[in-house]
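See structure below.
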Amino acid sequence: MLSSFGFFPLGRTRRSVIPGFRLSLGLTLTYLALIVLLPICALLLKSADVGFARYIAIITSPRTLASFQVTFATAAAATLFNAVYGLALAWVLVRYDFPGKRLLDALVDVPFALPTAVAGLALTTLFAKNGWFGAPLAQWGIQVAYAPAGIACAMAFTSIPFVVRTVQPVLEDLEPELEEAAATLGATDARIFRSVIFPALFPAFLAGASLAFARSLGEFGAVVFIAGNQPFRTEIVALLAYIRLEEYDYAAAAAIAVTLLAVAFVMLLVVNIIQAWHQRHTVGED
Amino acid sequence: MAQRINRYRVRVGDAPLFRVGLTGLVLAVTALVLIAPLSIIFVEAFRRGLPAYLDALARPDTLHALGLTLLVALVCVPVNIGFGIAAAWTVTKFTFPGRSLLLALVELPFSISPIIAGVAYLFVYGGQGLLGPWLAEHDIKIMFAVPAIILASLFVTAPFVVRELVPLMMAQGRDEEEAAVTLGASGFQTLRLVTLPNVKLALLYGAALCNARVMGEFGAVSVVSGNIRGQTSTMPLQIELLYQDSQVLAAFAAATVLAAVALFTLVAKFLIERAEAHSPTESRDAAG
């Protein structure tokens, strides 16, 4: 389901007897141009208007820098959680049989299907001072809602499926013979996991974690509910762009948005490189 | 074969203690991170009983938001189904230079924060935007009105149907279509009678996902809608407005509607996957 295109080898030009190429290509390109490319170009034009010196001043202002720091730190924490939980979840779903397994598999997609505003509302209520999680945590003096930890929780929730859904198919296709061979040679379970299984999963795992990180960086709906949105402390980049718009500071909104866009492109590039590597890896094995 | 495997040993991680321990741990974490958030929506909404829930749901502004959300979905889902079929047909039935680039372009909205999408649309249709002055001159209102909500939703959900169709159509190849065309079928006949029946479940699931996302989109819509209560608030925005107003019960009541749509989507996926497992003609294993 995730960036699945990268996994399909696209062949070289071949003539097709099937009609409709011009029509379908024309429709596709027109739609993409109007719906996707036009707004992105408008954003790029607008940010080009800002000018380099002003752009640097906006991006390096203490409040913007603080928001980037908060966003990257919480997204990293969320990704770390999902890397561990996602790998364990994928492992349990592929390797073990237990009652409710198919239900668990279906539950993994909840964060994709549930609107982010609903997720934000639910998480904020859970972590509120008198909430199911908030009350016990308050006794330990831990505050999650209206703190950076809350942002990390919201980001973690919305990006749960990425690692699971990228690792799962690779784990399913893993050949038992490799493990058996390692076992007959006397390797322990931990050693086999480290030297045989994990290296095979690694490209998919890394791609899934990168997608989760990218999604966390851009997450807005779930975060604004739980963050408290205090400048310098719990204000994420996406929210700062939104605030600048509301203040009619279009230059600052454009500068911040285009920076976030550039980060998204870099993440996309990273994921594609990993997948190209993965594809070479698997094609080489066949 | 199975006997030979067992003679050596079980697979890695199959030691009973490890297996039970890891499964238990994963289930416990899942209960906390997935089941608890889902449950609390319904627990809070029905906290004061069914009549109070219905009252909280039947507020005029919430009903208006629901109507607007349904209208947006009613426009966006069919449009993106059409786009999805056209794009998937282009990239799977033909080979041409730039095909990978086209696919990357189709996937682009997934990688872009909805907030950026909203800001970008503002710079096209807003007063300060590319087309803003022209639109103002001709008295056409797009920004902070329903058209902008529809456009931003189209952007965010453009990839959903395509990404369900492409892997499957890629795996199915072109032989059936080529046979149909050779036997004299037109392009549309081939699409309607050969291609679409082969992918109907994937198409249905893509549409369901697209619908769930359209109805739940928050970031992009909150930038372009102006968020005028009773006019341009969609359901997610209405939930936020109610929550800001400390109308917690009303917020949760509205949230149950969207949560129900999400659960319906997941049930649909579950049923479709089961149907696929039983049908030999459309196997997604081939795509994996």
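Order of the sequence lines sets the chain letters (A, B, ...), proteins ahead of strands, with each chain counted from 1.
- Looking only at heavy-atom pairs under 4.5 Å with chain B, the residue among A:Leu107, A:Thr116, A:Leu103 that has the most is A:Leu107.
- Ranked by heavy-atom pairs under 4.5 Å with chain B, the first of A:Val92, A:Thr124, A:Leu121, A:Leu89 is A:Leu121.
- Residue A:Leu239: no heavy atom, backbone or side chain, is found under 4.5 Å from chain B.
- Counting heavy-atom pairs closer than 4.5 Å to chain B, the top-ranked of the candidates A:Ile40, A:Leu29, A:Leu23, A:Leu93 is A:Ile40.
- There is no contact between A:Leu217 and chain B, counting heavy-atom distances below 4.5 Å.
- Note on ring orientation: taking the six-membered ring where Trp is involved, the planes of B:Phe123 and A:Tyr250 are perpendicular (angle over 60°, cut-offs 30° and 60°).
- Proximity of B:Leu32 to A:Phe133: side-chain heavy atoms (C-beta onward) are separated by under 4.5 Å at one or more points.
- At a 4.5 Å heavy-atom cutoff, the contact between A:Ala254 and chain B is made by backbone and side-chain atoms alike.
- The distance from atom CG of B:Leu27 to atom NZ of A:Lys101, rounded to the nearest 0.5 Å, is 12.0 Å.
- Of the two parts of A:Ala88, the backbone and the side chain both hold a non-hydrogen atom closer than 4.5 Å to a non-hydrogen atom of chain B.
- Shortest non-hydrogen contact noted between B:Ile115 and A:Ala241 is CG2-CB, 4.3 Å.
- Counting heavy-atom pairs under 4.5 Å between each of B:Tyr125, B:Phe264, B:Trp89, B:Phe18 and chain A puts B:Trp89 at the top.
- Only the side chain of B:Leu108 comes within less than 4.5 Å of a heavy atom of chain A; its backbone N, CA, C and O stay farther away.
- Of the possible polar contacts, none joining the A:Tyr31 side chain to the B:Asn80 backbone as a donor-acceptor pair under 3.5 Å is found.
- Among B:Ala152, B:Gly216, B:Ala120, the residue with the largest count of heavy-atom pairs under 4.5 Å with chain A is B:Ala120.
- The greatest number of non-hydrogen atom pairs below 4.5 Å with chain B, out of A:Leu123, A:Ile18, A:Leu27, is found for A:Ile18.
- Top candidate by heavy-atom pairs under 4.5 Å with chain B, chosen from A:Leu126, A:Val110, A:Asp105, is A:Leu126.
- Considering every non-hydrogen atom in both B:Phe94 and A:Pro19, the closest pair reads CZ-O, 3.4 Å.
- Counting only heavy atoms from C-beta outward, the side chains of B:Val12 and A:Trp91 approach each other to under 4.5 Å.
- The shortest side-chain heavy-atom distance between A:Phe157 and B:Leu34 falls under the 4.5 Å cut-off.
- Side-chain contact, A:Tyr85 with B:Thr30: a donor N or O sits under 3.5 Å from an acceptor N or O.
- Distance alone, capped at 3.5 Å, is enough to place a donor-acceptor pair between the A:Lys46 side chain and the B:Gln128 backbone.
- Heavy atoms of A:Phe81 lying under 4.5 Å from chain B belong exclusively to its side chain.
- A side-chain donor-acceptor contact under 3.5 Å links A:Tyr96 to the backbone of B:Gly13.
- For B:Phe155, the parts lying near chain A are the backbone and the side chain together; criterion is any non-hydrogen pair under 4.5 Å.
- A 4.5 Å side-chain heavy-atom check between B:Phe83 and A:Leu32 finds at least one atom pair inside the cut-off.
- The contact between B:Arg19 and chain A is made by backbone and side chain atoms together, counting heavy-atom distances below 4.5 Å.
- Among the candidates B:Leu263, B:Ile41, B:Thr265, B:Val248, the residue making the largest number of heavy-atom pairs closer than 4.5 Å to chain A is B:Ile41.
- For a residue to count as touching a neighbouring chain, one of its non-hydrogen atoms must lie under 4.5 Å from one of that chain's; by this rule A:Arg102 touches chain B with backbone and side chain alike.
- With rounding to the nearest 0.5 Å, the separation of CG in A:Leu114 from CG in B:Leu266 is 9.0 Å.
- The two atoms that bring B:Pro114 and A:Gly218 nearest to each other are CD-O, 4.0 Å, heavy atoms only.
- When B:Val124, B:Leu191, B:Ile40 are compared by the number of non-hydrogen pairs under 4.5 Å with chain A, B:Ile40 comes out ahead.
- Atom OG1 of A:Thr125 and atom CD of B:Glu44 lie 5.5 Å apart (nearest 0.5 Å).
- With values rounded to the nearest 0.5 angstrom, A:Thr28 atom OG1 is found 11.0 Å from B:Ile85 atom CD1.
- If you measure heavy-atom distances from A:Asp97 to chain B, the contacts under 4.5 Å come from the backbone alone.
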#### Entry: Audit row: A:Arg95, B:Asp14, salt bridge (charged side-chain N to carboxylate O under 4.0 Å, His left out) steps and yes/no
CA-CA 8 Å; A:Arg95 291 297 187 101; B:Asp14 271 1; 5.5 Å; no
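- When all heavy atoms of A:Ala257 and B:Ile116 are compared, the pair lying nearest together is O-CD1, 3.8 Å.
- Here B:Ser222 is the residue among B:Ser222, B:Ala251, B:Pro109, B:Gly219 with the most heavy-atom pairs under 4.5 Å with chain A.
- When heavy atoms are compared at a cutoff of 4.5 Å, A:Leu38 approaches chain B by way of both its backbone and its side chain.
- Heavy-atom distances place the side chain of A:Ile160, and not its backbone, under 4.5 Å from chain B.
- Smallest separation of non-hydrogen atoms from B:Pro37 and A:Ala122: O-CB, 3.3 Å.
- Between chain A and the options B:Leu154, B:Ile239, B:Val261, the largest number of non-hydrogen pairs under 4.5 Å is found for B:Leu154.
- Looking at A:Val237 and B:Ser113, their side chains never come closer than 4.5 Å, going by heavy atoms from C-beta outward.
- With a 4.5 Å cut-off on non-hydrogen atoms, B:Glu217 does not touch chain A at all.
- With a threshold of 4.5 angstrom between heavy atoms, B:Val43 approaches chain A through side-chain atoms but not through N, CA, C or O.
- Expressed to the nearest 0.5 Å, how far CD of B:Glu107 lies from CG of A:Leu268 amounts to 8.0 Å.
- Two residues are said to be in side-chain contact when any heavy atoms from C-beta on lie closer than 4.5 Å; B:Ser111 and A:Phe265 fail this criterion.
- Only the side chain of A:Val224 comes within less than 4.5 Å of a heavy atom in chain B; its backbone stays farther off.
- Taking CG of B:Leu151 as the start and CG of A:Leu34 as the end, the distance is 9.0 Å to the nearest 0.5 Å.
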